[in-house]
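Worksheet: the structure to be examined is printed underneath.
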Protein chains: 2
Amino acid sequence: MFNKLHRTAEELIQHSGGRATAGRIRILSILLAEQQAITHREIEQRLPQTLQLDRVTLYRALEWLVGKNLIHKVTSDDRAWRYHANRELHSHQHAHFKCTRCAQVICLSDLSMERSWHLPIGYQFQEIELTVKGLCADCS
Amino acid sequence: MFNKLHRTAEELIQHSGGRATAGRIRILSILLAEQQAITHREIEQRLPQTLQLDRVTLYRALEWLVGKNLIHKVTSDDRAWRYHANRELHSHQHAHFKCTRCAQVICLSDLSMERSWHLPIGYQFQEIELTVKGLCADCS
DNA sequence: ACAATTGCTGCAACATTGTTGCGTTTATTT
DNA sequence: AAATAAACGCAACAATGTTGCAGCAATTGT
């Protein structure tokens, strides 16, 4: 199971024209294995004893993966980025749900985000970021 | 002009059952005078020389104003809260626009946010936070 | 297989934003 | 004016993220 993710991660990274280092592969595997968007800290904790990475290295690897469009960042209100692997389904615009009690963040894929609205004249649209807050199934 | 805002701010604070201190009145005046949501730092810079407040005091005053529903906080992706006075029009759910070049944040009032979507079973809705990103009229 | 090269890593130091504890001052109440 | 509860300022701390630089390692060329 994990070997499969590991191989997938390795391929994705190689196809992106970067060095497939142990750290990057492991980080991407962790994010691929995760259903929800997780923080830098949570990723750090999921790293095995045998492969501890420096905080800075982790930040830089994540930044690199974002640049290669393999993962994406989610803004949260606790001023900590959360990261999530890009899957086909929601590679572009999608929304996130954040539990106000346990801080869990998940992706909402079937959220219709039609642009039934207008920006003021002269304004130019780039992207939309939508977070729904509430209680998750465990906390409600 | 400013006197009028000052008086409005003072009344709002008194009606909220709190102490109408010079700092709180000034902060609320500043936010009432502003069309866009601004950061803690920007508020600090708009304080007159004669009324410099400690960082902590400013944070606490803002927190208090949020609790009294006189202003609201906006999450941004630069991990800095932005604050904006609550006006009738968008006292509850509304969206924000953030310019990706100059970082200006404005409120979008006429954004239809019908809940045409569903949360997973067991999840409970509380609030929605929507930020549209792009270029503002000056930057595009 | 080996050396060169490019880019990745780790360390240390720093920056920014926000929070907590506590003693002092101030706005309001009486 | 005095009492009191609330607000303030200072110092220290916490969390998250960034930058510069020296060294190491994965890839490339031979």
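Below, chain A is the first sequence line, B the second, and so on; all start at residue 1. For the numbers below, each heavy atom of this structure counts, side chains included, while hydrogens, waters and symmetry mates do not.
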### Task
State plainly whether the residues B/Glu63 and B/Lys73 are in salt-bridge range, i.e. N to O under 4.0 Å.
yes
### Query
Has the side chain of A/Arg60 got a donor or acceptor atom sitting under 3.5 Å from an opposite partner on the base of C/dG10?
yes
### Message
For a quick check, tell me whether the side chain of A/Arg24 and the base of C/dG7 share a donor-acceptor pair closer than 3.5 Å.
### Response
no
### Summary
Looking only at D/dA25, D/dT16, C/dT19, the nucleotide nearest the A/Arg19 side chain is D/dA25
### Query
Taking N and O atoms by type only, does the side chain of A/Arg55 place a donor or acceptor under 3.5 Å from a partner on the base of D/dT16?
no
### Query
The side chain of A/Arg41 lies closest to which of these nucleotides: C/dT17, C/dT28, D/dT16?
D/dT16
### Query
Which part of the nucleic acid does A/Trp81 contact within heavy-atom distance under 4.0 Å: base, sugar-phosphate only, or nothing?
sugar-phosphate
### Query
Over how many whole Å does the gap from B/Asp77 atom CG to D/dT16 atom C1' extend?
15 Å
#### Entry: Passing option when B/Cys107 is tested against B/His72, B/Gln35, B/Gln36 for side chain to side chain contact (heavy atoms under 4.5 Å, CB included)
B/His72
### Task
Determine, stepwise, if the pair B/Asp77 / B/Lys133 fulfils salt bridge (Lys or Arg N to Asp or Glu O under 4.0 Å).
CA-CA 10 Å; B/Asp77 54 8; B/Lys133 296 197 233 172; 2.9 Å; yes
### Task
For B/Ala20 and for B/Arg82, find the nucleotide of DNA chain C with the closest heavy atom, then tell me which residue's nucleotide is more 5'.
B/Arg82
### Query
Can you tell me how far C1' of C/dT16 sits from CG of B/Asp78, to the nearest Å?
10 Å
### Query
Base, sugar-phosphate, or nothing for A/Thr21, non-hydrogen atoms under 4.0 angstrom?
sugar-phosphate
### Query
Looking at D/dG9, C/dT17, D/dT16, which one has an atom nearest to any side-chain atom of B/Tyr59?
C/dT17
### Message
Using whole Å, what does the distance between atom C1' of nucleotide D/dC21 and atom CG of A/Asp54 come to?
### Response
14 Å
### Message
Nearest heavy atom decides the nucleotide; on that basis, is B/Val56 or B/Ala22 closer to the 5' end of DNA chain C?
### Response
B/Val56
### Message
Using a heavy-atom cut-off of 4.0 Å across all strands, would you classify B/Ala61 as base, sugar-phosphate, or nothing?
### Response
nothing
### Query
Separation of B/Lys68 atom NZ from D/dA7 atom P, in whole Å?
9 Å
#### Entry: Nearest-angstrom distance from the residue atom CD of A/Gln14 to P of C/dG7
17 Å
### Query
Is a donor on one side and an acceptor on the other found under 3.5 Å between the side chain of A/Ser29 and the backbone of A/Ile25?
yes
### Query
Is B/Thr57 near enough to D/dA7 that one of its side-chain N or O atoms lies under 4.0 angstrom from OP1 or OP2?
no
### Task
Nearest whole angstrom, please: distance from the P of D/dC8 to the CD of B/Glu63.
14 Å
### Task
Answer yes or no: is there a donor N or O on one side and an acceptor on the other, between the side chain of A/Thr131 and the main chain of B/Glu129, under 3.5 Å?
no
#### Entry: d(CG, B/Leu53; C1', C/dT25) in whole Å
14 Å
#### Entry: Interatomic distance, B/Tyr83 OH vs C/dT17 C1' [rounded to whole Å]
10 Å
